[in-house]
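A short write-up of the structure that comes next.
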Amino acid sequence: MARSDEAAAFFLAVYSAVREIPPGKVTTYGHIAKLVGTPQRPRQVGVCLKHLSQDPDSRHNHNNVPWQRVINSKGLISPRSQPSGARNQAAALEAEGVEVSTGSLGELSVDFSQYGWFPRSLPSEADEDDEEVDDEEDEEDGSEQ
DNA sequence: CGACTGACGGCCT
DNA sequence: AAGGCCGCCAGTC
């Protein structure tokens with residue numbers, strides 16, 4: 001399998017995983033990386049989202065991939081080169097009912113204990129796994145980090 | 001075609 | 001507790 005194919009598969013896996021994030025919840029780049037089996041490449045996850053097309057006709061675009069539900073491990077919306085983008089992400093999250101706090105430096109943060117979504121594996125996959133692991137830390141857990 | 005960059009994260013000072 | 005360094009690798013210049 002050529003690297004380019006692996007890269008393509010990676011993109012698809014990331015988009016698939018991001019789609020599993022429930023509305024009103026958020027997760028991290030690192031977690032998505034783990035879910036797709038490449039925990040050492042959270043950075044590439046960001047590249048995938050950045051690469052999302054705005055064209056609705058494209059297989060993966062801003063409309064069918066809830067990119068806004070992915071933030072960094074610090075619980076902050078990653079400040080990229082264009083500040084408006086991060087703010088736009090915050091707006092998209094608030095539209096889903098996610099509370100976003102703004103720091104004095106303009107930092108946009110989300111409380112994982114309330115909105116965090118960190119399953120061990122993708123719900124779609126868990127479906128086929130007969131060795132069902134207990135899943136019930138949707139909320140309330142509070143032992144996030 | 002080579003070098004730099006970056007929607008991150010974890011480990012090491 | 002805070003900050004710096006390295007790994008990773010597709011895109012972009």
Side-chain angles (χ1 to χ4, degrees), chain A residues 1-126 129 133-145:
Chain A
M1 179 170 196
R3 284 190 217 312
S4 57
D5 292 329
E6 287 188 48
F10 180 80
F11 268 65
L12 295 177
V14 168
Y15 295 143
S16 180
V18 173
R19 282 202 192 85
E20 302 300 331
I21 307 172
K25 294 285 183 176
V26 299
T27 192
T28 66
Y29 297 96
H31 198 80
I32 294 296
K34 287 180 183 175
L35 290 178
V36 302
T38 57
Q40 291 183 279
R41 286 155 246 187
R43 209 161 202 184
Q44 300 313 112
V45 173
V47 173
C48 293
L49 299 184
K50 178 183 180 183
H51 205 70
L52 275 174
S53 172
Q54 297 176 16
D55 181 1
D57 292 327
S58 185
R59 268 191 307 183
H60 308 289
N61 55 65
H62 281 39
N63 299 293
N64 59 28
V65 178
W67 60 277
Q68 70 270 27
R69 296 173 197 156
V70 186
I71 63 181
N72 66 30
S73 66
K74 304 185 200 76
L76 303 173
I77 293 175
S78 289
R80 60 261 189 199
S81 42
Q82 183 88 106
S84 55
R87 216 203 89 348
N88 182 29
Q89 180 171 3
L93 286 174
E94 292 185 311
E96 298 187 342
V98 176
E99 189 177 350
V100 180
S101 311
T102 304
S104 54
L105 296 173
E107 302 177 9
L108 303 167
S109 63
V110 176
D111 184 357
F112 282 140
S113 68
Q114 291 182 66
Y115 308 106
W117 183 78
F118 302 97
R120 291 148 143 270
S121 59
L122 292 173
S124 321
E125 299 178 349
D129 190 339
V133 293
D134 73 357
D135 43 80
E136 51 171 282
E137 66 304 302
D138 237 27
E139 54 195 286
E140 205 276 305
D141 183 34
S143 40
E144 261 71 30
Q145 300 191 26

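Computed from a prediction, not measured in an experiment: that's the story for all the values here. In what follows, chains are A, B, ... by sequence order, proteins preceding strands, each numbered from 1.
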Qualifying residue, where the test is side-chain contact (heavy atoms from CB on, under 4.5 Å) with Y115(A) and the options are I71(A), T27(A), V100(A), V98(A): V98(A)
side-chain contact (heavy atoms from CB on, under 4.5 Å) test vs I77(A) passes for just one of L93(A), V26(A), N72(A), namely L93(A)
Go through the N and O atoms of the side chain of R43(A) and the base of dG9(B), and report whether any donor-acceptor pair is under 3.5 Å. no
CZ of R19(A): more than 12 outside heavy atoms within 6.0 angstrom? yes
What is the separation between atom [atom1] on [X] and atom [atom2] on [N], rounded to the nearest whole Å?
| X | N | atom1 | atom2 | result |
| --- | --- | --- | --- | --- |
| F10(A) | dA7(B) | CZ | C1' | 12 Å |
| H60(A) | dA10(C) | NE2 | C1' | 16 Å |
| N72(A) | dG10(B) | CG | P | 11 Å |
| H51(A) | dG11(C) | NE2 | C1' | 8 Å |
| Y29(A) | dC8(C) | OH | C1' | 16 Å |
| L52(A) | dA7(B) | CG | C1' | 10 Å |
| K50(A) | dG11(C) | NZ | C1' | 7 Å |
| E107(A) | dA7(B) | CD | C1' | 16 Å |

Between Q40(A) and F11(A), which is nearer to the 5' end of DNA chain C once each is assigned its nearest nucleotide? Q40(A)
Output the distance between atom CG (L35(A)) and atom CG (L122(A)), rounded to the nearest 0.5 Å. 5.0 Å
Consider the side chain of P42(A), meaning its heavy atoms from C-beta on, and name the nucleotide among dA7(B), dA10(C), dC8(B) that approaches it most closely. dC8(B)
Considering only heavy side-chain atoms of K34(A), the closest of dG6(B), dG11(C), dG10(B) is dG10(B)
Just checking T28(A): base, sugar-phosphate only, or nothing, at a heavy-atom cut-off of under 4.0 Å? sugar-phosphate
Closer than 4.0 Å, any side-chain N/O of S73(A) to the OP1 or OP2 of dC8(B)? no
Does OP1 or OP2 of dC9(C) have a side-chain N or O of R41(A) closer than 4.0 Å? yes
Main-chain N/O of A91(A) paired to N88(A) side chain as donor or acceptor, under 3.5 Å: no
